[in-house]
Amino acid sequence: MPRFFTNEIDETNITLTGSDAQHIGRSLRMKPGEPLTVCCRGVDYNCVISQITSDTVYLSLIGKELCAAEPDVEVTLFQAVPKLDKLEYIIQKSVELGVSRIVPVLTRRCISRPDEHDFAKKLPRLNKIAAEAAKQSGRGIIPEVSPLVSYKTALGMMSELDRTILLYEEEGGCSFGEVGFSGVRSVGLVVGSEGGFDKEEAEAAVSVGSVQVWLGKRILRCETAPITALSILMFLTNNM
């Protein structure tokens, strides 16, 4: 069933306008009486089309329910910036797997080093990728891709979460299975770029409460590591 997103909804007068209305009428060629779902803040509103005009689709509400695809844990992915094509892949797949927010971070070993202004130009496309992945995977929200932040700023954000996982292959780490998630509602996942993290960055993350975790004996690419870690995290928190 087609899915559309909105930030606000009036249950007595549900409408879709703009590009969504054009997509319904022109691309999907939907007709009155056909069903679709409007998603607002994790709730699915199951509707049928009552009327279509040139710029507005009017809907009748049939029922609503919490989106079954939304995890009960909010995961923020702190991703050290890789090359753009890798970042786009990470965004798409992490949204499919249930991430709530993606925060691109500039770290010391990032090969790609955009400044904030240049990265801001890429944000609309990156958020569009997130939106398309959310629709495809049946999500109840569109996860946000935030503006580029410094590692210092990211550390402050990590400290506000219930649990933060730092993927780091050096000494001192534990396996995912040794990390406790009971009662945890917000999780940060910190993943390096092609060059990983240096020791000082890893120590800084630990100093704000991050748990250092390794993913096994094989060295994973920077675009493989977050997908693997998110899959494990969703399994351990019963959100698969």
Quick check for you: to the nearest 0.5 Å, what is the distance between E132 atom CD and Q92 atom CD? 8.5 Å
Once the angle between the rings of F176 and F181 is folded into 0 to 90°, is it parallel (under 30°), tilted (30 to 60°) or perpendicular (over 60°)? parallel
Non-hydrogen side-chain atoms of L167 and L215 separated by less than 4.5 Å: yes
Would you mind reporting whether V81 and L148 have side-chain heavy atoms less than 4.5 Å apart? yes
Passes side-chain hydrogen bond (donor to acceptor under 3.5 Å, both in side chains), S19 versus Q22? Steps please. CA-CA 5 Å; S19 60; Q22 294 174 7; over 6 Å; no
Value rounded to 0.5 Å, distance of OG1 in T153 from CE in M158: 10.0 Å
Flag side-chain contact, heavy atom, 4.5 Å: T107 against F197: yes
Check for me, please, whether F235 and L77 land in the same ILVMFWY cluster - side-chain distances under 4.5 Å, paths through other members count. yes
Step-by-step side chain to side chain contact (heavy atoms under 4.5 Å, CB included) determination, L16 to T56: CA-CA 6 Å; L16 293 172; T56 305; over 6 Å; no
May I have the step-by-step check of side chain to side chain contact (heavy atoms under 4.5 Å, CB included) for L126 and E88, ending in yes or no? CA-CA 7 Å; L126 297 178; E88 292 178 352; 3.8 Å; yes
Under-4.0 Å salt bridge between K93 and E96: yes
Rounded to the nearest 0.5 Å, what separation is found between the CG atom of N46 and the CG atom of L36? 9.5 Å
Are L59 and M30 joined in one hydrophobic group, where the rule is that I, L, V, M, F, W and Y side chains link up if heavy atoms are under 4.5 Å apart? yes
Please report the shortest heavy-atom distance between E70 and G140, naming the atom on each side. OE2-N, 2.9 Å
Does the side chain of V213 reach to within under 4.5 Å of the side chain of E178, using non-hydrogen atoms? no
Donor-acceptor pair, side chain of S94 and main chain of I90, under 3.5 angstrom: yes
Measure across D162 and R185 and return the closest heavy-atom pair with its distance rounded to 0.1 Å. OD2-N, 3.0 Å
Counting C-beta onward and ignoring hydrogens, is there a side-chain heavy-atom pair between L189 and Q79 closer than 4.5 Å? no
Applying side chain to side chain contact (heavy atoms under 4.5 Å, CB included) to V38 and I9, what does each step give before you reach the verdict? CA-CA 9 Å; V38 179; I9 199 163; 3.9 Å; yes
Does a side-chain heavy-atom distance below 4.5 Å link R101 with E74? no
Tell me, please, which residues at least two apart from T53 pass side-chain hydrogen bond (donor to acceptor under 3.5 Å, both in side chains). D55
Closest heavy-atom pair and its distance - Y45, C40: CE1-CB, 3.9 Å
Quick check against the 3.5 Å criterion: does R41 have a side-chain atom that pairs as donor or acceptor with the backbone of N7? yes
If I take atom CE from residue M240 and atom CG from residue L97, how far apart are they, to the nearest 0.5 angstrom? 7.0 Å
For a 4.5 angstrom cut-off between non-hydrogen side-chain atoms, does E34 reach V48? no
If you take all heavy atoms of P2 and P35, which pair is closest and at what distance? CD-O, 4.0 Å
Looking at R108, I'd like to know if its CZ atom is crowded, meaning that more than 12 non-hydrogen atoms belonging to other residues, nucleotides or ligands lie closer than 6.0 Å. yes
Supply the atom-to-atom distance T228 OG1 to R218 CZ, rounded to the nearest 0.5 angstrom. 9.5 Å
Co-membership, hydrophobic cluster, residues V191 and V73, 4.5 Å side-chain: yes
Going by heavy atoms in the side chains, are P82 and C222 under 4.5 Å from each other? yes
Check whether any side-chain N or O of N127 sits under 3.5 Å from a backbone N or O of L123 as a donor-acceptor pair, and report yes or no. yes
Main-chain N/O of G18 paired with D20 side-chain donor or acceptor, under 3.5 Å: no
Evaluation steps, side chain to side chain contact (heavy atoms under 4.5 Å, CB included), between C174 and V179: CA-CA 8 Å; C174 63; V179 180; 3.9 Å; yes
Salt bridge between E194 and R221, side-chain N to carboxylate O under 4.0 Å? no
Would you check if the side chain of R3 reaches a backbone N or O of R139 as a donor-acceptor pair within less than 3.5 Å? yes
Using the test side-chain hydrogen bond (donor to acceptor under 3.5 Å, both in side chains), find all partners of E201 that sit at least two apart in sequence or belong to another chain. none
Please determine whether residues V75 and V190 belong to a single hydrophobic cluster, defined as Ile, Leu, Val, Met, Phe, Trp and Tyr linked transitively by side-chain heavy-atom distances below 4.5 Å. no
Count the heavy atoms of every other residue, nucleotide or ligand shown that sit under 6.0 Å from CD of Q136, and state whether that count exceeds 12. yes
Joint hydrophobic cluster, F4 plus L61, side-chain heavy atoms closer than 4.5 Å: yes
Quick check for you: to the nearest 0.5 Å, what is the distance between L230 atom CG and I165 atom CD1? 11.0 Å
Taking every non-hydrogen atom, the tightest pair across P114 and F119: CG-CD1, 4.0 Å
Over all atoms of both residues, closest heavy-atom pair of G173 and W214: C-CD1, 3.7 Å
